[in-house]
Amino acid sequence: MTNQSKALQMGKKSIAEIVEILTLEEKAALVVGTGMYIAGIKSVIGEAEGRVPGAAGNTMNINRVDIPRTILADGPAGVRIDPYPYNDNTKSFYATAWPVATLLASSWDINLVKAVGTAFSNEIKEYGIDIILAPGMNIQRDPLNGRNFEYYSEDPVVTGYMAAAMVKGIQANGVGTSIKHFAVNNQETNRGSVNAIVSERTLREIYLRGFEIAVKDAQPWTVMSSYNKINGSYTSESHELLTTILRKEWGFKGYVMSDWFAGKDRIAQMKAGNDLIQPGSREDIDAVIEAVNKGTLSIKVLDQNVERILSIIRKTPSFKGYKYSNSPDLKSHAALARRAAAESMVLLKNKNNTLPLTKGAKLALFGNASYETIICGTGSGQVNVAYTISISQGLTKAGYSNMALETLYATYIRQHKFDHPNRQSVSLGTLWIKPELNLDLETIEKSAQELDIAIFTIGRNAGECVDRKIDDDFNLSESEKILIKNIADAFHAQGKKLVVIMNIGGVIETAAWKDYADAILLAWQPGLEAGNAVADVLSGVVNASGKLAVTFPMKYHDVPSSKNFPGTPADDPTKVIYEEGIYIGYRYFNKFNVKPTYPFGFGLSYSEFAYGNLELSSTTFHNRIIATITITNTGKFAGKEVVQLYLSAPQNKLTKPLEELKAFAKTDLLKSGASQTLTFTLHAKDLASFYTDQSAWIADAGIYTVKIAASCEDIKATKNFTLAYELTVEKMNKVLVPQVNINELE
Ligand code: GLC
C-alpha cells in the first residue's frame, strides 16, 4: 500500500475529508447497492454477490480509500442467507428461526426481546453481516395483511418499545439494524404503488408513533423506507417524511435505504434523504452521475447522503476488519428461542383447568400443523433452519404418547408434498398443508375411546407480496369446522376434552369454534423450537404468560379497516383510504362498543394474580406522574403477569379513544404468594393528542384517569390526576398533508 493510499485510509481521515477525496463515480457507487444476487442464479444485476451468499444486499467497496463492502441481510425472524454457500455442502450456514415478531410482542417482555436481539446479533456478526434488515414494525392495521407475522401489534406503544428493545439488543454487539418499512406499509396488495391516504393526526398518533419511539429510544443505524406512497408521495421520495420528520423532528442520525426496487425517481430519493438505493443497478449509478453533471442533483446533497452512509460503515464489523467465525452459538440460541416462544404464547381458554396436561397422558393429536408445524412466515422474513421441532415431536420428547394418528398424517403429508413439489422451495418458508386430512367418524370415535385427550392444531401461513383471504384463511374452512366439531363431540361423549392450538401468523376468526374447545393456546409461529415450546406450555413446565398484542374480532367485517382493505379499485387498488383514522384495534372496539372474541391485552395463566392499591406520585400533573402498584401471585403455580397502564384523557375539544395504552411491564417469575411492585412513569407527551390545526401535540386541561389493567377490558385499579392548564407539549411541522378530504371516523 503506497504512502498516499495509507494516508487516505478511512480510519485515519474524517468523513468530510474522505468525501473530499472521493470522485463523483465513487460517490454515486456508494449511494447505490451492488445489485441483486439470487442464490443459484448468476448475479441478476451489476456486481456479483458479496461475501455472504444469500444476503439481500451490499454497499459498494471503494478500495482506493479503504472503504469496505458492507453486508445487509434479512430478516426479522432470523438471519436469511444461503445454507450452503459456494456449494460447499460440508459446512452448513444455518440460522436460528426466532419466534416471529407477533409472538415476541405477545410476551410484553422488553427484557426478553432484548435478550433475543443480543443472541440474534451473535449470528448476524459471526456470519459476516453488518446490518440486519429488521425489525419489521408496521402497525397491524388489518388481519388480512400478509406480513403481520413480521410485525408486532395494532398499538404504537407496544410496537415502538418492542422494536426499540430488539434494536438495542442487536446493536449492543456492534452490528446494525434497519427498522422497516417506514412508513404506512400495512398491506401487500399493490404495495409498490398503492397510495395510502391518511390524516395528519392518524399518521402522528398511530402509523409514525412506533417509529418515533424506536428512533428516539434506540437510534437504529438505518431505516428502510417503504414501497408505498403516503398522501401522494412515495415514502422513499418524501423529503417531508425522511428529512423533516425523521431527522429534524426525531433526531435520526443514521442512513435511510430504500426497500428493494422501491419508488420510481432515484434523484428524488437522493434529495428526499433516502441515502441508499437498494439493491442498486448500473443504471442507478449512471442516473446519479448524470444528474450531478446536469445540475439536477446538487453535489452537496450527494455528499450529505455519502457522509451518512460512511458514518454507519465506519461502525461496521467489516470496517473494523472483524474476523467472523461462521460458527455462531446456534445451540444456546435454540434454547433461548424455545424459552422466548414459550413465554410469549397466549392461553386464551382453559375451562376447568384442562391444562396443564396430565403427565404421560395418551394424546389424540389431530391437525396437519401438529406434524408439519409452521415455524415462520414466507418471503424475505423466512429463515433457513437446520431443523424444526414439530408439535408432535415436542410432545413425544416431553413424555407423552401421541403417535396413534401419526401414520395417518405422515402418509397424507408425504402425498401432499409429492403433489405440490414446487411449494417445497426454502424461500417459501414452512408449508401450510391444506386442506386438513379428512378423518372419518369411526377413526375419531375410536381415538376418543382409547386415548385421554384430543389436541387439534389449526395451521395458517402467509407472507410477503400477498395478502390473506377471508374464506378458508381468516375464517376456518368447512372441513376444519366439521373436524373440530366431530372431535369435540366424540371426546365430550366420553367425558374427555379438546385442546386447540393456533399455529398461525395473523389473526383468524375464533367465535365459530371456540365453544367446542376446552382449552385454546395461541402459539403463533414459534420458530425452530416450536414443538418443544408448545410442549413446555401444555405440560406446565412453563406457565403461560403471554397476552394479546392484537384484537381478535368476532368476525372479519367487525374490523374497522375492513371497509377499506386493500383499497380501491378492489381488483387492482391504486389508493387505500384510512377512513377509520386512529380507531384501529382496541381503540375502535372499546370506543364504538363492538365486542371482540378476545380483547387486546388478554391472556390467561395457570395461576391468578391480585392487583394491590394504585398509588400516584401526585394528583396534579407538573412534569411527570409516577404510578406504582403491587402484584401478588395468589395461585399455586409460579408465574409472570403482564400489567398494562391505560390513560383516559379529557375529551373537551377533540374526540379521543376511551383509553390508550401508555406503558406496560411484566413481573419477574413470582412464586405462589410472592409479590412485586411495578412502577410506571407518565410524561407530558403521554397525555397529549395531535391537534392538526396547530400541528402540535397538546395535552388538554382536565381530569385524567390512570387505569391499571390485565387487559384493555379488565381494569384492576384506577386513579385520577388533574392537568390544571392546557399544555402544548411539542410543535411539529405541517407535513404529509392529505390532498383529499378524508371522511374519518369520529
Ligand atoms: C423485500 C422486503 C424487505 C426486505 C427486502 C430485502 O421486498 O419488503 O422487507 O428486507 O426486500 O429482501
Side-chain angles (χ1 to χ4, degrees), residues 32-39 41 43-46 49-50 52-59 70-82 95 98 100-102 120 124 129-140 145-152 163 166-167 170 175-194 196 211 220-229 234-236 255-263 269 274 276-281 376-384 425-429 462-467 505:
V32 173
T34 63
M36 189 89 176
Y37 174 86
I38 298 175
I41 305 165
S43 173
V44 174
I45 298 174
E49 39 98 18
V52 181
N58 308 279
T59 60
T70 61
I71 308 294
L72 319 174
D74 286 313
V79 168
R80 183 176 69 94
I81 55 175
D82 287 359
W98 298 102
V100 295
T102 200
F120 191 177
I124 296 162
I129 296 157
D130 297 296
I131 291 174
I132 190 83
L133 302 172
M137 56 179 292
N138 291 101
I139 290 290
Q140 296 171 341
N145 175 26
R147 291 185 86 168
N148 279 342
F149 79 97
E150 283 186 274
Y151 305 149
Y152 292 113
M166 183 59 78
V167 168
I170 291 172
V175 289
T177 58
S178 191
I179 60 173
K180 69 186 186 180
H181 308 87
F182 188 57
V184 198
N185 179 181
N186 307 105
Q187 66 189 59
E188 290 302 291
T189 306
N190 288 359
R191 64 177 181 170
S193 57
V194 76
F211 285 99
W221 286 13
T222 76
V223 168
M224 183 188 293
S225 56
S226 61
Y227 281 114
N228 55 283
K229 294 174 187 167
Y234 280 111
T235 60
S236 60
Y255 73 73
V256 175
M257 70 177 86
S258 69
D259 200 338
W260 269 230
F261 306 107
Q269 288 173 335
N274 190 104
L276 177 63
I277 296 163
Q278 278 291 344
S281 68
C376 70
T378 60
S380 61
Q382 63 86 19
V383 183
N384 304 320
S425 83
V426 131
S427 70
L428 275 174
E464 188 172 348
C465 298
V466 181
D467 287 322

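Remember, it's 1-based here, ligands and their atoms both numbered in the order they're listed. Being a predicted model, the structure only gives us computed values, none of them experimental.
- At a 4.0 Å cut-off, not a single heavy atom of Glu150 sits close enough to ligand 1 to count as contact.
- Close approach of ligand 1 to Leu133 (heavy-atom distance below 4.0 Å) involves ligand atoms 10 (O).
- Nearest protein neighbour of atom 12 (O) of ligand 1, counting heavy atoms only, is Asp74 OD2, 2.6 Å.
- Of all atoms in ligand 1, numbered sequentially from 1 with element shown, those under 4.0 Å from a heavy atom of Arg191 are 7 (O), 8 (O).
- The CG atom of Asp130 sits 11.0 Å away from the OG1 atom of Thr222 when rounded to the nearest 0.5 Å.
- Side-chain atoms of Ser225 and Ser258, non-hydrogen and from C-beta on, do get closer than 4.5 Å to each other.
- Of all protein heavy atoms, the one lying nearest to atom 5 (C) of ligand 1 is Asp259 OD1, 3.4 Å.
- Not one N or O of Trp260 is nearer than 3.5 Å to an N or O of ligand 1, by distance alone.
- For atom 1 (C) of ligand 1, the closest non-hydrogen atom of the protein is Glu464 OE2, 3.0 Å.
- Among Asn145, Asn186, Thr102, Asn148, the one residue that satisfies the side chain to side chain donor-acceptor pair (under 3.5 Å) test with Gln140 is Thr102.
- Within the listing of ligand 1, atoms 3 (C), 4 (C), 9 (O), 10 (O) sit less than 4.0 angstrom from a heavy atom of Lys180.
- For Gly33 against Gln278, the heavy-atom pair with the smallest separation is CA-NE2, 3.7 Å.
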Note to self: Between Asp467 and Thr189, is the side-chain hydrogen bond (donor to acceptor under 3.5 Å, both in side chains) condition met? List the steps.
What the structure shows: CA-CA 6 Å; Asp467 287 322; Thr189 306; 2.5 Å; yes
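- Protein heavy atom at the shortest distance from atom 7 (O) of ligand 1 is Tyr227 OH, 2.6 Å.
- Close approach of ligand 1 to Ala56 (heavy-atom distance below 4.0 Å) involves ligand atoms 6 (C), 12 (O).
- Residue-ligand proximity, Arg80 to ligand 1, at heavy-atom distances under 4.0 Å covers atoms 12 (O).
- Within the 4.5 Å cutoff, the side chain of Tyr152 has heavy atoms near those of the Met166 side chain.
- Within ligand 1, counting atoms from 1 as listed, the ones closer than 4.0 Å to a heavy atom of Met224 are 10 (O).
- Judged by distance alone, the side chain of Glu188 and the main-chain N or O of Val466 form no donor-acceptor pair under 3.5 Å.
- Ring geometry, Tyr151 versus His181: the interplanar angle exceeds 60°, so the pair is classed perpendicular (tilted spans 30 to 60°).
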